[in-house]
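Here's the structure we're looking at; comments come further down.
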Amino acid sequence: MRSHVASVFDVPLGRITAMQNGIDVDDLEPVADDLDALRAKYADPDEQLVLLVGRLVYEKGFHLALDALAPVIRGRGNVRFVVAGTGTAEPELRRQAQRLGLARQGVFLGWVGDDMLHSLYRVSDLCIVPSIYEPFGIVALEAMAS
């Protein structure tokens, strides 16, 4: 990003300071009273639960994640997914999920608050961060910390 900013704004690299993203792990405590019940809402015990989080816009690459999930779900059969977020690409992503035959294997939750998000991180087996343009986002940090 430092090089990109220097190039776009024609600023000498030495005048730009990069600051790493950070999170406070104490803010990630799940608040769902029953994490097992939350997980059961989206996946059976023998199923893997995949979480996708963020603004549903092209740059976040959710269309790539759905393309990648389709053969995994067809091949394994025991994978479910949850998409948490809203954005301009949401209608097309829902249509894509339908076209790929994923409509019954996943759910689009729309916007969720941090309390629900932090709980979803805890009950998911995998969080996919398929961004096309993002050096290293907060979602990846939160998912790893959870």
Would you indicate whether the side-chain heavy atoms of [Y] and [X] approach each other to under 4.5 Å?
{"X": "Leu93", "Y": "Val83", "result": "no"}
{"X": "Phe62", "Y": "Leu66", "result": "no"}
{"X": "Leu13", "Y": "Arg2", "result": "yes"}
{"X": "Leu49", "Y": "Leu51", "result": "no"}
{"X": "Gln96", "Y": "Leu102", "result": "no"}
{"X": "Val129", "Y": "Glu142", "result": "no"}

State the [atom1]-[atom2] distance between [X] and [Y], to the nearest 0.5 angstrom.
{"X": "Leu38", "Y": "Arg122", "atom1": "CG", "atom2": "CZ", "answer": "12.5 Å"}
{"X": "His63", "Y": "Ile132", "atom1": "NE2", "atom2": "CD1", "answer": "4.0 Å"}
{"X": "Phe9", "Y": "His4", "atom1": "CZ", "atom2": "NE2", "answer": "7.5 Å"}
{"X": "Leu52", "Y": "Leu120", "atom1": "CG", "atom2": "CG", "answer": "11.5 Å"}
{"X": "Gln98", "Y": "Arg95", "atom1": "CD", "atom2": "CZ", "answer": "11.0 Å"}

Verify same cluster id: [X], [Y] (apolar side-chain graph, 4.5 Å):
{"X": "Leu64", "Y": "Tyr58", "value": "yes"}
{"X": "Leu35", "Y": "Met116", "value": "yes"}
{"X": "Val82", "Y": "Val123", "value": "yes"}
{"X": "Phe108", "Y": "Leu100", "value": "yes"}
{"X": "Val107", "Y": "Ile128", "value": "no"}

| request: Would you indicate whether Asp34, at its atom CG, is surrounded by more than 12 heavy atoms from other residues, nucleotides or ligands within a distance under 6.0 Å? | output: yes
Could you pull out the closest heavy-atom pair between [X] and [Y], with the gap in Å?
{"X": "Asn78", "Y": "Asp46", "answer": "ND2-O, 3.3 Å"}
{"X": "Glu90", "Y": "Gly85", "answer": "OE1-O, 4.2 Å"}
{"X": "Cys127", "Y": "Val139", "answer": "SG-CG1, 4.0 Å"}

So ring-ring contact (aromatic ring centres under 6.0 Å, His included) across residues 72-106, not counting sequence neighbours, yields none
Any Lys/Arg nitrogen of Glu47 or Arg76 sitting under 4.0 Å from an Asp/Glu carboxylate oxygen of the other?
no
Using a strict 4.0 Å threshold on nitrogen-to-oxygen distance, state whether Asp125 and Arg39 make a salt bridge. yes
### Main-chain N/O of Lys60 paired to Arg55 side chain as donor or acceptor, under 3.5 Å
no
(message) Would the distance check show the side chain of Arg80 and the main-chain N or O of Arg104 forming a donor-acceptor pair, the cut-off being under 3.5 Å?
(response) yes
